[in-house]
Amino acid sequence: FLGAGGGNDIQWCFSQVKGAVDDDVAEADIISTVEFNHSGELLATGDKGGRVVIFQQEQENKTPSHSRGEYNVYSTFQSHEPEFDYLKSLEIEEKINKIRWLPQKNAAQFLLSTNDKTIKLWKISERDKRPEGYNLKEEDGRYRDPTTVTTLRVPVFRPMDLMVEASPRRIFANAHTYHINSISINSDYETYLSADDLRINLWHLEITDRSFNIVDIKPANMEELTEVITAAEFHPNSCNTFVYSSSKGTIRLCDMRASALCDRHSKLFEEPEDPSNRSFFSEIISSISDVKFSHSGRYMMTRDYLSVKIWDLNMENRPVETYQVHEYLRSKLCSLYENDCIFDKFECCWNGSDRQVYIVMTGSYNNFFRMFDRNTKRDITLEASRENNKPRTVLKPRKVCASGKRKKDEISVDSLDFNKKILHTAWHPKENIIAVATTNNLYIFQDKMN
Amino acid sequence: MLGKGGKRKFDEHEDGLEGKVVSPTDGPSKVSYTLQRQTIFNISLMKLYNHRPLTEPSLQKTVLINNMLRRIQEELKQEGSLRPVFVTASQPADPLSDNFREAQPAFSHLASQPLLPTDFVSTTPLESCLTPASLLEDDTFCTSPTVQHDGPTKPPPPALQPVKDSFSSALDEIEELCPAPTSAEAVAAETAADDSKDHHSESNVQKPEGLPESRTAESKLMDSLPGNFEITTSTGFLTDLTLDDILFADIDTSMYDFDPCTSATGAASKMAPVSADELLKTLAPYSSQPVTPNQPFKMDLTELDHIMEVLVGS
């Protein structure tokens, strides 16, 4: 495995951990999404209880030079509430499936958050001044008796303790029959797409009562349904291009200029099955759980159950690179099918937009997460655990022993804790800071600065 | 020899489940493949039917599990339709042929080929019995693995006649319901009836030494597999029904009344008699088979009761 060392290798150190310490995990605290904003100053998490927590990085000039700013809670708000679908007699979960930040245009920050059915645009704004000296109102808000007013004054703004307010500015509802799995903001910053199991809709950020259906794979006869949409994303530069992945391991690239309903793809990315690896579970493990364009838009990355694949948009018949995340699980697929772990949806992310470096990161079980360096072709396995929480101490690489004699410090496959899964990870857009979500804790790691 | 045979099967069971699946054409691993397939089939069914959350189940998961079930069903159908007819060369002992006679009429009734009972080599050592793929297929489907055919055919013992009659009449009904049954489905239906189990125990008792191992082992196989093959036939029904009614279409709330899995305790025994009726009510409009109005559904009821019992784990 890749050890620490080498000129360009990043040495990851623990920085912070957020969340409850006890082993008893409250269901509502389960983290369901993690996302940095475009500057990296803000880090948002969504949880199963429908809450969004935003952390803000301390400014550089306030922090000691040997570490980057710490992230502290900036705002917490209830984004979605549980609802009840009376027609189907089913609850609609308030769990936040995805958060996507809009680029900052003014003093306020905007993000989109979505649960299974409804997308909301939230405005997060700061208030650090308040008007004082009203003529008709007391400071506590009570109205003064006008007859007691003898002089007039102009109210002035005085500083106050910083207050961060989140207010829902748009609610995009009633457009999805099935569960929303993805939202993606277009590079025009005016429109965005939302994808559920069978359809993808296009919205304008200003318009909530209308959305356009751009992909519909629902068959006329639902009995014939064999494939669902699992993720979708807009191209980072081409505002007419987006991709969506499926449960059969395919990715379709569509051009919205071609037709109103993009049911016919422009490109179809699919790797032929390796016959030597065929099993009952081939289809299930080929199901793509996440798709992410590279910053340049030249490549895209997909995550399926056992691997991460890098695709060149110009080559449809196979990925240019494949990285095995936890190949040792291939022999355990039946058990993982039985306990449902095989359906876990792992996400993946690219490193920040450093043009020299291409690293991809994704999570695994036992609170392990993996990084693959595309240039050096080396990989590393790290663990997010409170035991490693000495700041500025380099994380020790982990190794899973697939079979045979277990070496010291290795962990055997059978000792892996499949309840400790890292599904969500995020990389700071500019710096080597990563956010890794375990079940209910958020870990922040930084590279060691010298 | 018994122990060796039995152990091997269980070992293969362990490896086969977890290891890479072997091609269906491998010799001795055919058993593990079939075992693995059946186990996965059962797990898949359990997943589909046991999961009754307050929120909508994940469509992706449902679709993937359904695809799994369909694939296995397809395989089973294909294998069933390819079942060959064997004629054995060796002459068995008389008591042996008497015992196996019980199973023969059932098979001959079902076979779309000429009404020859399907025959298997029986006196070869256990390992060889397991090896040929087609033999193993038949083993797993028919539950009376080795049937002897001797030249001069003997009439079945009179004691068995009533059994045969009710059995074949039940099979008649199945055939009417499914106009073109594959051998697999029909045979599996046969296993659903209690009679087949009686066949087993009787034939298990009076065996020459060449056979008891395979018999007992096979019976053990059948018993150890949760759900058994009785699920197989009606899954065609149930799967269609489920896809139509429960999983994809707008949900008719009456289906929630019928659901056997909402509560873990107490509901099971109460549910069983009700659920079969409810199922039938809803089965009728959704069945893709042409069904005459006065079609007796009693075979379905028995099967469905079986299935419900299995599903609710009673």
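Just so we're on the same page: letters track the sequence lines, and every chain starts at 1. The structure presented is a predicted model; accordingly, all values stated were derived computationally and were not measured.
At a 4.5 Å heavy-atom cutoff, the contact between A/Lys345 and chain B is made by side-chain atoms alone. Neither the backbone nor the side chain of A/Ser246 comes within contact range of chain B; no heavy atom of the residue lies under 4.5 Å from a heavy atom of that chain. Proximity to chain B involves both the backbone and the side chain of A/Tyr337, based on heavy atoms less than 4.5 angstrom apart.
Listed by chain and residue number, nothing satisfies the side-chain hydrogen bond (donor to acceptor under 3.5 Å, both in side chains) test with A/Lys117 (two or more places apart in sequence, or in another chain). Qualifying ring pair (Phe, Tyr, Trp, His ring centres under 6.0 Å) partners for A/His326, counting only residues two or more places apart in sequence or in other chains: A/Tyr305, A/Phe346, A/Tyr365.
Options A/Asn181, A/Asp196, A/Asp197 differ in how many heavy-atom pairs under 4.5 Å they form with chain B, and the most are formed by A/Asp197. The candidate with the highest count of non-hydrogen atom pairs below 4.5 Å against chain B, out of A/Thr230, A/Ile229, A/Asp340, A/Asp85, is A/Asp340.
Side-chain contact check for B/Ile65 versus A/Phe343: some heavy-atom pair is nearer than 4.5 Å. Using a 4.5 Å cut-off on side-chain heavy atoms (C-beta onward), B/Leu59 and A/Leu198 make contact. Here the side chains of A/His179 and B/Gln60 are not in contact, with every heavy-atom distance at 4.5 Å or above.
Within a 6.0 Å sphere centred on CG of A/Asn174, heavy atoms belonging to other residues, nucleotides or ligands number 12 at most.
Ion pair A/Glu338/B/Lys47 not flagged as a salt bridge, since none of the NZ, NE, NH1 or NH2 atoms sits closer than 4.0 Å to an Asp/Glu carboxylate oxygen.
Here the shortest heavy-atom pairing between B/Leu64 and A/Ile284 reads CB-CG1, 4.1 Å. The minimum heavy-atom distance linking A/Phe280 with B/Arg71 is given by the pair O-NH1, 3.2 Å.
Taking CD1 of B/Ile43 as the reference point, atom SG of A/Cys334 lies at 4.5 Å (rounded to 0.5 Å).
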